[in-house]
Amino acid sequence: MLNLTKSTQAFQEAQQVLPGGVNSPVRSYQNIGFAPPFIASAKGSKIFDIDGNEYIDYIGSWGPMVVGHAHPEVVQALNQATARGTSYGAPTLAETALAKKIMTSYPCVQKIRMVNSGTEATMSALRVARGYTKRDKIIKFIGCYHGHVDSLLVQAGSGLATFSTPSSPGITAGTAQDTISLPYNDIATFRATMQKYGPEIAAVIVEPVAGNMGVVLPKDGFLQALREETSHYQSVLIFDEVMCGFRASAGGAVKKYHITPDLVCFGKIIGGGLPVAAYGGKNEIMQVVSPLGPVYQAGTLSGNPLAMAAGLATLNILTEPQKEYQKYLETQTTKLLAGLQELAKELAIPLITHQAGSMFSIFFSEQDIWNYDDAAAANQIAFKEYFKIMLENGIYIPPSQFETLFMSIAHTNADIEKTLSAAKKALLTAKKFL
Ligand SMILES: *Cc1c(COP(=O)(O)O)cnc(C)c1O
């Protein structure tokens with residue numbers, strides 16, 4: 001049994017001052033029944049809690065840590081930047097450097113604006129799309145998460161292709177009413193909705209590889225249909241690549257699926273573990289952004305020099321040409337999932353494994369998973385038990401099957417072997433709950 005004595009104590013203390021003891025809900029282990037490990041430090045593929053437990057980390061701060069924790073080059077870049085002062089609120093060379101670095105991998109991005117969180121990126125991209133098209137309504141897909149933006153924190157009303165209802169108190173019905181929620185991967189429903197509302201639609205926003213209902217891949221033709229209809233009705237197509245950027249492939253989903261969106265949102269990896277996100281795209285659209293145009297968007301700490309340094313160092317490492325890290329990440333992920341499938345087969349457990357580059361997830365399900373309903377129908381109790389045994393055996397994965405796991409370049413073959421030997425025990429336990 002895992003010793004979490006100090007973490008349990010720390011969690012009690014935290015609960016007295018932070019809602020639920022955390023600053024972001026998923027960290028609280030609310031559905032798990034014990035305190036989350038409080039983290040003391042992390043290095044490479046490992047993360048260490050205050051009780052002295054060591055884990056192989058597949059959360060990677062929910063995506064950013066693609067070069068592993070405390071990579072010496074990132075640490076050095078940060079130390080150097082810190083010594084020069086932590087923020088000036090004025091232009092720096094590092095902002096242009098990171099912008100250019102991102103654009104090298106995403107040629108469809110002609111102008112980019114740095115912000116501080118993925119939420120801010122999608123919120124701003126929507127405002128830009130609305131300002132540019134002078135339209136109000138947007139389409140999003142059920143199970144895609146785009147941060148806690150009011151108009152995106154909605155769920156489908158009853159029936160398909162209806163206007164949405166708020167999925168959190170604090171969001172006005174008026175806000176929710178401008179959002180249409182549609183099932184992911186349902187091309188016919190999307191086309192029919194565009195036929196009806198196309199001229200009123202400012203933007204269609206999508207996770208081109210979904211990662212917030214577990215990993216769910218786009219069906220053949222789905223992203224193509226989004227591109228065709230938005231072009232036809234002159235709506236702005238927004239790819240939210242906050243998670244899948246630099247993960248689904250070296251050029252994210254844009255490169256993997258050869259679909260060019262109008263705007264792209266970035267986050268997670270581009271900050272290398274510091275709070276950075278961005279939105280960008282076609283010149284013609286980005287020209288409406290203040291101070292060039294009338295759409296206001298600003299940030300005291302946007303383009304922060306420490307954040308730019310960490311992001312740039314991370315992308316520089318990841319894209320070192322001789323190293324072929326993207327290939328390595330993908331191969332290692334495939335290896336791990338093949339090992340899991342083999343174990344599942346031995347134990348006669350129905351297991352679905354999904355991968356896009358270095359992001360992956362598993363579902364205890366006999367049927368294919370193409371949308372939120374499919375994901376929700378998978379056996380989450382079995383997943384919870386699987387999670388607990390993995391943690392006990394030193395494998396740090398998200399406490400929910402609706403979250404994505406991430407490979408880093410620091411994960412070794414030995415890590416994968418250790419993960420698979422833990423998974424053997426965890427699957428055996430999960431089987432009892434199927
Ligand atoms: C994480 C995430 C966001 C939100 O980013 P934050 O930095 O947490 O606000 C938005 N979109 C996607 C696809 C994400 O995975």
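What you see is a predicted model, and the numbers here were worked out from it, not measured in a lab. Atoms within a ligand are numbered from 1 in the order they appear, just like the ligands themselves.
- Residue Thr179 comes nearest to Val154 through the heavy atom pair CG2-CG2, 3.5 Å, listed as atom of the first residue, atom of the second, then distance.
- Remark: the Gln224 side chain and the Glu228 side chain contain an N/O donor-acceptor pair separated by less than 3.5 Å.
- Between the side chains of Glu284 and Tyr132, at least one donor N or O sits under 3.5 Å from an acceptor N or O.
- Aromatic pair Phe222/Phe190: centroids not less than 6.0 angstrom apart.
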* To do: Begin with the C-alpha distance, continue with both residues' side-chain angles, and end with the deciding distance and a verdict on side-chain hydrogen bond (donor to acceptor under 3.5 Å, both in side chains) for Glu324 and Tyr328.
  => CA-CA 7 Å; Glu324 298 200 311; Tyr328 175 76; over 6 Å; no
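- With Phe266 as the fixed residue, the ring pair (Phe, Tyr, Trp, His ring centres under 6.0 Å) test singles out one of Tyr106, Tyr279, Phe239: Tyr106.
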Write out each pair where an N or O from ligand 1 and one from the protein are under 3.5 Å apart, with the distance.
unit_1: ligand 1; atom_1: 5 (O); unit_2: Gly118; atom_2: N; d: 3.4
unit_1: ligand 1; atom_1: 7 (O); unit_2: Gly118; atom_2: N; d: 2.8
unit_1: ligand 1; atom_1: 9 (O); unit_2: Gly118; atom_2: N; d: 3.3
unit_1: ligand 1; atom_1: 9 (O); unit_2: Thr119; atom_2: N; d: 2.8
unit_1: ligand 1; atom_1: 9 (O); unit_2: Thr119; atom_2: OG1; d: 2.6
unit_1: ligand 1; atom_1: 11 (N); unit_2: Tyr145; atom_2: O; d: 3.3
unit_1: ligand 1; atom_1: 11 (N); unit_2: Asp240; atom_2: OD1; d: 3.3
unit_1: ligand 1; atom_1: 11 (N); unit_2: Asp240; atom_2: OD2; d: 2.6
unit_1: ligand 1; atom_1: 15 (O); unit_2: Asn212; atom_2: ND2; d: 3.2
unit_1: ligand 1; atom_1: 15 (O); unit_2: Lys268; atom_2: NZ; d: 2.6

